[in-house]
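Heads up: the structure comes next, in structure tokens.
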Amino acid sequence: DAKTTQPPSMDCAEGRAANLPCNHSTISGNEYVYWYRQIHSQGPQYIIHGLKNNETNEMASLIITEDRKSSTLILPHAPLRDTAVYYCIVSAGGSEKLVFGKGMKLTVNP
Amino acid sequence: DTAVSQTPKYLVTQMGNDKSIKCEQNLGHDTMYWYKQDSKKFLKIMFSYNNKELIINETVPNRFSPKSPDKAHLNLHINSLELGDSAVYFCASRQGIYGYTFGSGTRLTVV
């Protein structure tokens, strides 16, 4: 079973920041928070991951609360092509499997 | 260069047939995976190999047999195909704590 909970869907306006929440209250000390997205029927795409510090890359920013029980993925200036299902996953890394939940459908509206 | 490539992209076959899906990664990753995405869009892990060794085998019917001839390849062979096997199958690879890289998927339709 997935160890995270996400709202089923969210809308945002094109060009605005999209803040995607995720709860992972049972996260273990050695587990990372990973974010992936799946656009239509393409393969899932890795976005970002973090352990306890906030992270930023060319795609997004990841904000993890101090107690690590929740996190927020921030997509700055979301274009229409960011419409996708976004998955928040916790995993210890290495060879451990990723367990995908239902994810959250983000719709970026013109 | 495609990092994780799967072939074929589409596969339509009759019940009872045997088919294979091939996966290759050129990333130098040690670990490779097969995931299945059914019609309800749930992604479920099937198998994982690390350096040619099977490390994860979820409750998958034994009609499914993965084979890893080397750490860059993980193929999936399916015997006696059933209607319920229709799905999109994704191959992925990973190194350490870094994110998975997924292939573009193989859409299998059993008729």
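- Scanning all heavy atoms of the two residues, the minimum distance from A/His49 to B/Tyr98 falls at CE1-CD2, 4.1 Å.
- Within a 6.0 Å radius of CZ in A/Arg16, other residues, nucleotides and ligands contribute 12 heavy atoms or fewer.
- Using a 4.5 Å cut-off between heavy atoms, B/Lys41 contacts chain A through both its backbone and its side chain.
- Shortest non-hydrogen contact noted between A/Tyr32 and B/Ile97 is OH-CD1, 3.5 Å.
- The nearest pair of heavy atoms linking B/Tyr100 to A/Tyr46 is O-CB, 3.6 Å.
- The closest side-chain heavy-atom distance from B/Val88 to A/Ser41 is not below 4.5 Å.
- Using a 4.5 Å cut-off between side-chain heavy atoms of Ile, Leu, Val, Met, Phe, Trp and Tyr, with links allowed through other members, A/Ile47 and A/Tyr36 fall into different hydrophobic clusters.
- Contacts of B/Leu43 with chain A are made by both backbone and side-chain atoms, with heavy-atom separations under 4.5 Å.
- Environment of CD in B/Glu53: sparse, with no more than 12 heavy atoms of neighbouring residues, nucleotides or ligands closer than 6.0 Å.
- When the shell of 6.0 Å around NZ of B/Lys44 is examined, it contains 12 or fewer heavy atoms from other residues, nucleotides or ligands.
- Atoms CG and OH, from A/Leu98 and B/Tyr35 in turn, are 4.5 Å apart once rounded to the nearest 0.5 Å.
- Nearest heavy-atom pair across B/Phe42 and A/Lys102 is CE2-CG, 3.3 Å.
- Annotation: B/Arg107, atom CZ; neighbour count of heavy atoms from other residues, nucleotides and ligands within 6.0 Å does not exceed 12.
- Using a 4.5 Å cut-off between heavy atoms, A/Ser91 contacts chain B through its side chain alone, with no backbone atom that close.
- B/Leu74 and B/Ile45 end up in different hydrophobic clusters when Ile, Leu, Val, Met, Phe, Trp and Tyr side chains are linked at under 4.5 Å.
- B/Gln37 and A/Tyr87 make their closest contact through NE2-OH, 4.1 Å (heavy atoms, listed as atom of the first residue, atom of the second, distance).
- Pairing each heavy atom of B/Phe90 with each of A/Gln42, the nearest pair is CZ-O, 3.7 Å.
- Relative to the ring axis of A/Tyr34, B/Arg94 places its NZ or CZ within 45° and under 6.0 Å from the centre.
- Taking hydrophobic clusters as Ile, Leu, Val, Met, Phe, Trp and Tyr residues chained together by side-chain heavy-atom distances below 4.5 Å, A/Val108 does not share a cluster with A/Ile74.
- A/Leu73 and A/Ile39 sit in two unconnected hydrophobic clusters of ILVMFWY residues. Membership requires side-chain heavy atoms under 4.5 Å apart, directly or through other members.
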